[in-house]
Structure formats: C-alpha cells, structure tokens
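First the structure, in the form of structure tokens, and then the observations on it.
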Amino acid sequence: MKKNLFTLLLVAVLISSCSSDDGDGPVNASIVGTWDIVELNFGESVDWDGDGTSSDNLLDEIECFAGTVTFTAEGEYSSATTEINFEATETEFTITCGGPVTASGTYSVDGNKLTATDAEDGKTGESTFSISGDTVTFVGPVQIVDVEDVDGEATLVLVRR
C-alpha cells in the first residue's frame, strides 16, 4: 500500500481544519518572508528510518525532505516541499522522496491565529502561531486520510531565511 504524505507537512498544519475567518485585518508583517521547515512534531516518537533512534521530529526520520514557505505582505503564501511517500507491508516499511510539490493561496492574521485558504481546492484552515526571533512555530490540527494513528495536533517549526 503506497501513501503520499505531503499533506502531513504544510497543508496539514496550515490548512487542515475547515473554518471561516470573518476578520479581514491587516497581515502581520512579522510573518512576511521566506521560511524553511525544520521540524514537524506530532508529540510521539517514531523510528521510521530504522536507525534505532526514535524522534518526535518527523524530519529527523525523513532525511530527504526539504520545505519552504513564503508569506507576502499582500496576504499570499506559497510553498514548495518534497513529496514524501511510504510503502508498508506486514514486514517492511519504506520511505521515499519524490519531486517538489507546490501549493499557494491566501492568508490572514488575527492576533496569533493564521487562517489560510488553498488556491487550488479552496479549503480553509486555521492554526495558531508564535514568532521568536527568526523562528515561527505553528500549532494546528492534523488528520491524514488513510494513515492510521495520525489524527491530532502537530507543531510545525520554520526558520526565516
């Protein structure tokens, strides 16, 4: 059985839970810029790469992953991430990386809540965020279709370029 885990990363945290945002406040300038994804935590340690060391940060387990998100002052975002696939049988678990996957849309900020709308499918989601220096941390709901035991809250950490 083969699964694509792209939504596990950006879309899962930024755009996963359906919600609406009635506030059309100004975009928070502090989030504007290009950010590299450095952590994706689900709060449970896993050893997907089979090296004998578990990590809460899934990016420690998927070394071929890279991801970037850009937020503009005009309220638009774009992302480019590595496609992540895994294949599981009763005795084996394999992770492979594919080519780049891109997404884009619009966003708004109201206090510490970011609401994003995907340009392709129109889905809207909300997450909370905090910025400390050149690091932004998003916390939001995650549910990955067809992947058991991945339903809850995730933390996505990005560092400004």
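When reading the values below, keep in mind they use all heavy atoms of this one structure, side chains included, and skip hydrogens, waters and symmetry mates. These numbers were taken from a predicted model, which means no experiment stands behind them.
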For this session: Rounded to the nearest 0.5 Å, what's the gap from OG1 on Thr135 to CH2 on Trp35? Could you check?
Result: 7.0 Å

Problem set entry | Where Trp48 and Ile95 come nearest, the two heavy atoms and their spacing | CB-CD1, 3.4 Å

Seminar exercise, completed: The salt bridge (Lys or Arg N to Asp or Glu O under 4.0 Å) partners of Asp56 (sequence neighbours excluded) come to none

Exercise. Can you tell me how far CG of Asn112 sits from OG1 of Thr128, rounded to the nearest 0.5 angstrom?
Worked result: 5.5 Å

Problem set entry | Counterpart residues, salt bridge (Lys or Arg N to Asp or Glu O under 4.0 Å), relative to Asp36 (two or more places apart) | Arg161

Exercise. Is there a donor-acceptor pair under 3.5 Å between the side chain of Asn57 and the backbone N or O of Leu40?
Worked result: yes

For this session: Could you pull out all residues at least two apart from Thr106 that satisfy side chain to side chain donor-acceptor pair (under 3.5 Å)?
Result: none

Exercise. Looking only at heavy atoms, what is the nearest atom pair of Lys123 and Asp121, with distance?
Worked result: N-OD1, 2.9 Å

Exercise. For Ser54, which residues count as a side chain to side chain donor-acceptor pair (under 3.5 Å) partner, sequence neighbours excluded?
Worked result: none

Exercise. Are Ile31 and Leu114 side-chain neighbours, meaning at least one heavy-atom pair lies under 4.5 Å?
Worked result: yes

Exercise. Sequence neighbours excluded, which residues qualify as side-chain contact (heavy atoms from CB on, under 4.5 Å) partners of Asp51?
Worked result: Asp47, Asp49, Thr53

Exercise. If we ignore angles and hydrogens, is there a donor and acceptor under 3.5 Å between the side chains of Ser55 and Ser45?
Worked result: no

Seminar exercise, completed: Hits for side chain to side chain donor-acceptor pair (under 3.5 Å) against Thr137, two or more places apart or cross-chain, chain-then-number order -> none

Problem set entry | Smallest separation among heavy atoms of Val38 and Leu59, with atom names | C-CD1, 3.5 Å

Exercise. Using a distance-only test with no angle check, is there a side-chain donor-acceptor pair under 3.5 angstrom linking Thr124 and Thr117?
Worked result: yes

Problem set entry | Val139 reachable from Val159 in the ILVMFWY side-chain graph, under 4.5 Å edges | no

Exercise. So which pairs with a foot in residues 80-134 pass disulfide bond (SG atoms under 2.5 Å apart), sequence neighbours left out?
Worked result: Cys64-Cys97

For this session: Report the C-alpha separation of Asp110 and Thr115 in whole Å, then their side-chain angles, then the decisive distance to 0.1 Å, and conclude whether the side-chain contact (heavy atoms from CB on, under 4.5 Å) test is met.
Result: CA-CA 8 Å; Asp110 184 10; Thr115 301; over 6 Å; no

For this session: Please state whether the rings of Tyr77 and Phe71 are parallel, tilted or perpendicular, taking 30° and 60° as the class boundaries.
Result: tilted

Exercise. Passes side-chain contact (heavy atoms from CB on, under 4.5 Å), Leu158 versus Phe138? Steps please.
Worked result: CA-CA 8 Å; Leu158 300 95; Phe138 290 95; 3.5 Å; yes

Exercise. So Leu58 and Phe65, side-chain contact (heavy atoms from CB on, under 4.5 Å) or not? Walk me through it.
Worked result: CA-CA 10 Å; Leu58 295 185; Phe65 177 82; over 6 Å; no

For this session: Provide the closest heavy-atom pair for Tyr107 versus Thr72 in the form atom of the first, atom of the second, distance.
Result: OH-O, 2.7 Å

Exercise. Is the side chain of Arg160 donor-acceptor paired with the backbone N or O of Val32 at a distance under 3.5 Å, no angle test?
Worked result: yes

Exercise. What residues, two or more places apart in sequence or in another chain, satisfy side chain to side chain donor-acceptor pair (under 3.5 Å) together with Glu39?
Worked result: Asn41

For this session: Say whether, by atom type as modelled, one donor and one acceptor occur between the side chain of Thr82 and the main chain of Ala66 under 3.5 angstrom.
Result: yes

Exercise. With hydrophobic residues grouped by side-chain heavy-atom distances under 4.5 Å, do Ile84 and Val157 end up in a single group?
Worked result: no

